[in-house]
Amino acid sequence: MNIFRLLGDLSHLLAIIILLVKIWKTRSCAGISGKSQILFAVVYTSRYLDLINAFISPYNTIMKIVFLAASYGTIYLMYMKFKATYDVNHDTFRIEFLIAPAAVLALIVNHAFEPLEILWTFSIYLESVAILPQLFLVSKTGEAESITSHYLFMLGSYRALYIFNWIYRYYAENHYDLIAIVAGIVQTVLYCDFFYLYITKVLKGKKLQLPA
Amino acid sequence: GSAKSHHDEL
């Protein structure tokens, strides 16, 4: 564990909490993509199946359980409790176009052709593009509430911090995982345009509005 | 990187 990884995990946790609290407090999930939330639930489920056969540390186990619970909790709030506020007409990204290629790629490019390993690889590939329905929703409506922007910023920071973690681990531990690194870089790049808008607009107190 | 070591990250 190094500082970059810890900060990355905390950003990730904060993003998830921001989203849950926002939906709960406003009693609304307007502006949030349920498709992205479904993809994240698929990501955590396929990656954290190792909860049953691998123990790393109490920290690791607790975080995995929290991510899984928060993810399914968000889906419950969006698709059950506050379903009436869900922006279904704008949330039209076809997630099968992300799931199918991630699955095929995981079968071809992996560390070992074993069920849990392929599921882990699939989760890494799918996570790298799981935010696309959310970014698509923001681009369709042309704006995002500032709290949604904070959520996206924390979620993007998490993977960016993980890149620093991987650089650190490469030099300090001689550890690296090319699958995670390449997918993590793709994931971070997808946020770059958003980071720019966040820094130039949201941090100056303006609403995140896309140019017409 | 070995095949198993990535399981220590989240």
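A, B, ... follow the sequence lines: proteins, then strands. Residue 1 opens every chain. Excluded from the calculations below are hydrogen atoms, water molecules and symmetry mates; all remaining heavy atoms, backbone and side chain alike, are included. The shown structure was predicted, so the numbers you read here are calculated from the model rather than taken from an experiment.
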Answer with side chain, backbone, both or neither: which region of A:N60 has an atom nearer than 4.5 Å to a non-hydrogen atom of chain B? both

Give a yes or no on whether A:F136 atom CZ has more than 12 heavy-atom contacts from other residues, nucleotides or ligands under 6.0 Å away. yes

Of the listed residues (A:Y59, A:F67, A:W166), which shares the most heavy-atom pairs with chain B below a 4.5 Å separation? A:W166

What part of A:Y44 lies closer than 4.5 angstrom to a heavy atom of chain B: side chain, backbone, both or neither? neither

Exceeds 12 heavy-atom contacts within 6.0 angstrom, atom CZ of A:R94: no

Would you say that more than 12 heavy atoms from the other residues, nucleotides or ligands in this model lie under 6.0 Å from the CZ of A:F55, or not? yes

Within the supplied structure, the quantity of interest is the number of heavy atoms (other residues, nucleotides, ligands) at a distance under 6.0 Å from A:F164 CZ; does it exceed 12? no

Using modelled atom types and a 3.5 Å cut-off, is there a donor and acceptor pairing between side-chain atoms of B:D8 and backbone atoms of A:I56? no

So which part of A:N165 gets closer than 4.5 Å to some heavy atom of chain B, the side chain, the backbone, both or neither? side chain

Would you call A:R169 and B:E9 a salt bridge, taking side-chain N to carboxylate O under 4.0 Å as the test? yes

Indicate yes or no: at least one non-hydrogen side-chain atom of A:H12 is less than 4.5 angstrom from one of B:L10. no

Could you tell me which portion of A:Y162 (side chain, backbone, both or neither) has an atom closer than 4.5 angstrom to a non-hydrogen atom of chain B? side chain

Which one of A:M63, A:R5, A:R47 has the most heavy-atom pairs closer than 4.5 Å to chain B? A:R5

